[in-house]
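Quick notes on the structure that follows.
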Amino acid sequence: MSEPLLNVAHLRIEFNTRRGTLVAVDDISFDVMPGEVFGVVGESGAGKSLTGQAIIGLLEPPGRIAAGEIRLDGRRIDNLPYGQMRRLRGRQIGMIFQDPLTSLNPLYTVGRQLVETIQTHTSMNHEEARRRAVALLEDVGIPAADKRIDHYPHQFSGGMRQRVVIALALCANPRLVIADEPTTALDVSIQAQIILLLKQLCEQYDTAVILITHDMGVIAEISDRVAVMYAGRIVEIGGVREVVKNARHPYARGLMGAIPSLHRRVEKLNQIDGSMPRLTEIPSGCAFHPRCPQAFERCRRERPDLVRVGESQVACWLYGRTS
Amino acid sequence: MSTSGAPQTSGGKDILLRVRGLKRYFDVSQPLLNRLLEGKPRQILRAVSGINFDIQRGHTFALVGESGCGKSTVANLVVGLYRPTAGTIEFDGQDLAKLQRRSELAAIRRKMAMIFQDPYASLNPRWRVFNIISEPIRAFGLLDDKQAIIDRTAQLLTQVGLSPQDGQKYPHEFSGGQRQRISIARALASDPQFIVCDEPTSALDVSVQAQILNLMSELQQRLGLSYLFISHDLAVVRHMADRIGVMYLGRLCESAPADTLFENPRHPYTRLLLDTIPDIEMTGRKRVPVAGEIPNPIDPPTGCAFHPRCPRVTDVCRRERPHLRPVADGIMVACHAVDAPDHLSGSQAAG
Ligand SMILES: Nc1ncnc2c1ncn2[C@@H]1O[C@H](COP(=O)(O)OP(=O)(O)OP(=O)(O)O)[C@@H](O)[C@H]1O
Ligand SMILES: Nc1ncnc2c1ncn2[C@@H]1O[C@H](COP(=O)(O)OP(=O)(O)O)[C@@H](O)[C@H]1O
Ligand code: SF4
Ligand code: SF4
Ligand SMILES: [Mg+2]
Ligand SMILES: [Mg+2]
């Protein structure tokens with residue numbers, strides 16, 4: 001098996017607040033292989049976005065990496081000086097956020113933004129960079145790209161803007177793209193267009209993707225492997241089919257059963273009672289224990305770590321080690 | 001089809017809500033002075049441009065469609081928050097526009113309630129939950145006795161899975177799902193027969209969504225409620241609805257029983273939507289997404305509004321707007337490419 005492109009080991013993200021230190025991401029580890037689509041799912045507040053922000057070095061204070069390491073191609077990137085991190089961003093790691101407007105400058109034409117980004121990361125002259133920008137806009141499916149390149153972001157629809165952002169993320173041909181809820185703000189018919197586009201382009205450019213979303217349908221559609229997060233922890237990592245069809249962790253299994261299906265009607269949706277705890281009240285032991293139908297004594301006391309179960313990794317006392 | 005007398009029946013069905021030719025236009029023109037200076041014409045946005053549907057007593061009728069197609073406008077029209085530009089809304093056989101006396105209107109209004117998407121915005125943050133929930137009871141003068149109101153509120157809270165003590169708290173002390181439970185309790189306070197639910201779970205996480213959808217189904221069965229259920233999520237709609245209307249740019253393009261719609265979608269837009277939406281079933285089939293953009297409702301395409309994106313478009317589609325007409329028993333489609341059998345094509349029934 002090849003070496004991982006990205007390795008996250010024991011990452012811990014904390015916030016210092018007046019009421020003490022909050023742990024938002026607690027000791028998570030995973031690898032992303034070159035060219036793969038790695039999905040990160042979980043309900044809001046699980047720590048998905050913070051994980052993505054930590055990888056690209058965009059954690060906003062008071063958030064900070066309190067422990068752990070992040071490596072790209074074996075090289076540590078979590079402790080790089082600001083300037084080096086900025087060069088890495090865009091060149092090695094591209095990003096796509098939920099709201100395309102946060103990635104686009106409303107005052108510049110999309111052409112100017114693309115050309116500048118391309119020139120920052122390559123030795124192309126203006127002419128060449130502009131030709132490349134038009135080609136990229138064509139790749140992401142903008143009709144009449146040679147004309148639209150001189151338009152401003154507000155002159156594009158939401159779906160078109162997200163296409164421009166994808167072009168921007170891919171323009172330096174990065175090894176990894178982090179896409180945080182890239183289709184959540186879009187209409188359903190447009191979502192499908194964007195997801196397929198992302199998948200196609202990343203195959204074409206051999207770019208790996210970390211796809212962060214709460215939409216299991218999107219994950220099922222395009223990712224190769226998935227990590228399921230709950231209350232700042234990864235509770236299960238596995239191949240997408242394995243996790244969607246045969247989740248092992250009680251939370252992951254409950255979550256899959258709670259999602260209504262387009263193709264099948266059930267009398268009653270599977271229901272996980274209660275809701276995810278706030279950061280100030282994360283339960284002891286396994287954070288899921290107050291909601292878990294299978295919880296037992298040990299779950300309240302000791303925190304389970306990921307252990308290998310078949311092809312997957314699961315953090316639950318029902319699996320692996322015996323006590 | 002008769003238009004008066006209560007309650008209405010058609011084909012043995014007990015119709016609670018009957019909507020005919022419903023339209024709502026908005027004037028979105030620039031202020032007059034700007035228009036004169038810049039020589040711009042008036043701009044009319046046709047949010048809802050003529051729709052018909054029936055809701056059977058005890059059933060759920062769902063409206064689906066993409067952002068801006070007019071779903072919320074229909075919801076607001078039905079509960080009387082907007083006045084129709086044209087068309088009629090009959091509830092329990094009574095034309096709402098013809099009710100003159102306030103007492104008559106109030107008697108009907110208390111039988112209808114609404115739940116909104118955003119459980120944060122729709123609850124007054126300065127009121128205790130007790131006051132929020134009992135407000136319809138007081139507004140409609142349903143109970144006078146203080147103890148009776150307290151008892152009824154406690155019962156409502158219990159019914160939605162909260163405890164009577166929660167009445168003393170404020171909305172911000174609850175999670176999103178719990179706030180939606182409070183909205184539901186308030187909606188139930190006037191003992192309605194019919195609830196309009198506009199994206200009731202769109203702001204919630206999936207595990208919480210499942211709790212709320214299960215609660216709504218359970219209440220429907222227990223209290224015999226009818227729902228107008230609005231969502232952009234087709235899987236949620238399939239789970240909840242008996243009958244579904246698919247909207248596109250202010251009009252219905254298909255309306256059919258839920259199972260039929262999913263098993264045999266007929267309108268090209270419905271087909272494409274069902275083909276492209278990511279789903280957890282992992283059938284591994286190749287997706288062909290709906291091409292193109294959602295058009296602007298101020299300047300809709302000529303003929304069939306879907307024609308710029310439709311794979312089956314022909315010349316007639318660009319010229320003539322297809323009418324919603326029955327194409328099989330209980331199935332209505334607005335498309336030139338979908339044939340209606342002879343015995344149905346003559347009838348203008350709910351078309
Ligand atoms: N008060 C208003 N004034 C002007 N235009 C309006 C008004 N209310 C709605 N519209 C317009 O009418 C159209 C339909 O809006 P509506 O809110 O019904 O859509 P929707 O289907 O509920 O969309 P969403 O899924 O985004 O909630 C939109 O183009 C909207 O901008
Ligand atoms: N600046 C901040 N201060 C305190 N807590 C924060 C801050 N930013 C995020 N959090 C908390 O960290 C947790 C994880 O957040 P996030 O990664 O954004 O979740 P999601 O999985 O929804 O993307 C949440 O509980 C969130 O409230
Ligand atoms: S460790 Fe215990 S509480 Fe946690 S998911 Fe497993 S069985 Fe449930
Ligand atoms: S009427 Fe024509 S354009 Fe409209 S949906 Fe039918 S085939 Fe397509
Ligand atoms: Mg997030
Ligand atoms: Mg709406």
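Below, all heavy atoms of this structure are taken into account, side chains as well, without hydrogens, waters or symmetry copies. Note on naming: letters A, B, ... go to the chains in the order of the sequence lines (proteins, then strands), and numbering restarts at 1 for each one. For clarity, every value in this text was computed on a predicted model and none was experimentally measured.
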Fill in: Beyond-backbone contact of A:Asp187 with B:His232, side-chain heavy atoms, under 4.5 angstrom
no

Worksheet entry | Interface residue of largest heavy-atom contact number with chain B, from A:Leu255, A:Val266, A:Ile195, under 4.5 Å | A:Val266

Item to complete: Work out which heavy atom in B:Gly292 is nearest to a heavy atom in A:Ile190; give both atom names and the distance.
Response: O-CD1, 3.7 Å

Discussion item. Can you confirm whether A:Glu281 is buried at CD, in the sense that more than 12 heavy atoms of other residues, nucleotides or ligands lie under 6.0 Å from that atom?
Written reply: yes

Worksheet entry | Side chain / backbone / both / neither for A:Asn270 at chain B, heavy atoms under 4.5 Å | backbone

Practice prompt. Go through the atoms of B:Leu234 and report whether side chain, backbone, both or neither lie under 4.5 Å from a heavy atom of chain A.
Written response: both

Worksheet item: Any idea which heavy atoms bring A:Pro260 and B:Val236 closest together, and the distance?
Response: CG-CG2, 3.8 Å

Item to complete: Return the option, out of A:Ser275, A:Ser261, A:Ala220, with the maximum number of heavy-atom pairs under 4.5 Å with chain B.
Response: A:Ser261

Worksheet item: Between A:Val244 and chain B, which part of the residue has a heavy atom less than 4.5 Å away: side chain, backbone, both or neither?
Response: side chain

Item to complete: Sort B:Ser67 into side chain, backbone, both or neither according to what part of it lies under 4.5 angstrom from a heavy atom of chain A.
Response: both

Worksheet item: Say you draw a straight line from CG of A:Leu269 to NE2 of B:His239; how long is it, rounded to the nearest 0.5 Å?
Response: 3.5 Å

Worksheet item: Taking C-beta and beyond as the side chain, do A:Lys268 and B:Ser217 meet within less than 4.5 Å on heavy atoms?
Response: no

Fill in: Contact origin within B:Gln209 toward chain A - heavy atom pairs under 4.5 Å
side chain

Discussion item. Counting only heavy atoms from other residues, nucleotides and ligands, does the tally under 6.0 Å from CZ of A:Arg19 exceed 12?
Written reply: no

Worksheet entry | CZ (A:Arg264) with more than 12 external heavy atoms under 6.0 Å | no

Discussion item. Set out, in order, the CA-CA distance, both residues' side-chain angles and the distance that settles side chain to side chain donor-acceptor pair (under 3.5 Å) for A:Ser189 and B:Arg309, then state yes or no.
Written reply: CA-CA 11 Å; A:Ser189 71; B:Arg309 309 174 77 189; 2.9 Å; yes

Worksheet item: Which one, A:Arg265, A:Met216, A:Gln191, leads in non-hydrogen pairs under 4.5 Å with chain B?
Response: A:Arg265

Practice prompt. Please flag which part of B:Asp259 lies under 4.5 Å from any non-hydrogen atom of chain A: side chain, backbone, both or neither.
Written response: side chain

Item to complete: Check A:Arg291 against B:Ser207 and note the closest heavy-atom contact, atom names and distance.
Response: NH2-OG, 3.5 Å

Worksheet item: Can you say whether A:Arg278 sits under 4.5 Å from chain B via the side chain, the backbone, both, or neither, judging by heavy atoms?
Response: side chain

Worksheet entry | Choice from A:Gly274, A:Gly254, A:Gly141 maximising heavy atom contacts with chain B below 4.5 Å | A:Gly274

Practice prompt. With rounding to the nearest 0.5 Å, note down the distance linking CD1 in B:Ile280 to CG in A:Leu262.
Written response: 9.5 Å

Response to the item:
In terms of heavy-atom pairs under 4.5 Å with chain B, the winner among A:Gln193, A:Met256, A:Glu267 is A:Gln193

Practice prompt. Considering non-hydrogen atoms only, spot the tightest contact between B:Val206 and A:Glu43 and give its length.
Written response: N-OE1, 3.7 Å

Worksheet item: Who among A:Leu186, A:Leu196, A:Val188 has the most heavy-atom pairs with chain B under 4.5 Å?
Response: A:Val188

